[in-house]
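Below: one structure, written as structure tokens.
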Amino acid sequence: FILSDGAAGWFIDADRWDLASTWLTRAYQYDGPKLPLHRQLNSLRYGHLLLREGAPSIVPFDRAIAIGKSSDHLTLFNQLKARAEMATFLWKTGQTNELYAAWCDVVRGVIEHREENKSWKHFFMLAANNTAFYCSDFARSKVGEGLVTEPRAGMFIGGIQSLASRYQPGIVFLMPGGMAQWADDLGKEREAAEWATLALQMGQEVSKNGSAGMYQMHAIPLDIKEHRYAD
């Protein structure tokens, strides 16, 4: 496994997926208990390979998440990265409802476990980019202007320069706010209201930005449904 996975990694770094294919597949066949981080990364990359080859399968991504759940040696971010990569797979394969559910787990995880180190800030910035892309047609229209990047396979597990220096507490509320907008667009009234409340909370406690209150508009469908007209 170590030799096969290592060889695959070298070829992927050189963007030679044609040569990496055999080695990724061979490494994926190992299902022993050792090296959980390497096994998780191999599973994710094998999922990327199948996507590239036109034979997409969610099984390698489920396997990567299961490895994270069963290991005491992997961190929360290892698990969140695996879930984020699965979300990219769901986006690429047009599974919108499944994508929303998977991305909810990623956003909740990154917000609930806020830290001040560079690793968390880098992950937050990547997740914030993808949240904007997923939740807004307007944001997707800005890809060509360099304001947002389309999610791509592998972006959470390497190959991207650290974005930690771009992080600012003032933007934290925008992530749950975007989720409120997305849930509202999907007709998920209760979830939209919950995300809007979280956006307001993050705006007050973290971002110190009163603009977070604008996301309360996405709580209106639930207020109407439950006859809270004063709200």
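Only heavy atoms go into these numbers, but all of them, side chains included; no hydrogens, no water, no symmetry mates. Keep in mind the model is a prediction, meaning the values are calculated, not measured.
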Next item on the list: Please identify each residue that fulfils salt bridge (charged side-chain N to carboxylate O under 4.0 Å, His left out) with R166, with sequence neighbours left out.
Entry: none
Note to self: Return the CG to OG1 distance between L50 and T25, rounded to the nearest 0.5 Å.
What the structure shows: 7.5 Å
Note to self: Could you check whether any side-chain N or O of S71 sits under 3.5 Å from a backbone N or O of I67, counting only pairs where one atom can act as donor and the other as acceptor?
What the structure shows: no
Check: Counting only heavy atoms not in I2, do more than 12 fall under 6.0 Å of its CD1?
Finding: no
Notebook entry, point to check: Is the distance between the ring centroids of W195 and Y215 less than 6.0 Å?
Noted result: no
Check: By salt bridge (charged side-chain N to carboxylate O under 4.0 Å, His left out), which residues pair with R152, not counting sequence neighbours?
Finding: none
Margin query: Under the rule for ring pair (Phe, Tyr, Trp, His ring centres under 6.0 Å), what residues qualify as partners of F1, not counting sequence neighbours?
Written below: Y30
Checklist line | Side-chain donor-acceptor pair present, H48, Y46, cut-off under 3.5 Å | finding: no
Check: What's the verdict on side-chain contact (heavy atoms from CB on, under 4.5 Å) for Y134 and Y100, showing C-alpha distance, side-chain angles and the deciding distance?
Finding: CA-CA 8 Å; Y134 293 144; Y100 170 79; over 6 Å; no
Check: Which residue pairs pass the ring-ring contact (aromatic ring centres under 6.0 Å, His included) test with at least one member in residues 137-166, sequence neighbours excluded?
Finding: F123-F156
Next item on the list: Step through the shown structure and confirm whether more than 12 heavy atoms of other residues, nucleotides or ligands are within 6.0 Å of CZ on R190.
Entry: no
Next item on the list: Give a yes-or-no answer on whether the side chains of E189 and H218 include a donor-acceptor pair shorter than 3.5 Å.
Entry: no
Next item on the list: Could you tell me which residues satisfy side chain to side chain donor-acceptor pair (under 3.5 Å) with R83, sequence neighbours excluded, listed by chain and number?
Entry: none
Next item on the list: Identify, with sequence neighbours excluded, every residue that meets salt bridge (charged side-chain N to carboxylate O under 4.0 Å, His left out) alongside E53.
Entry: none
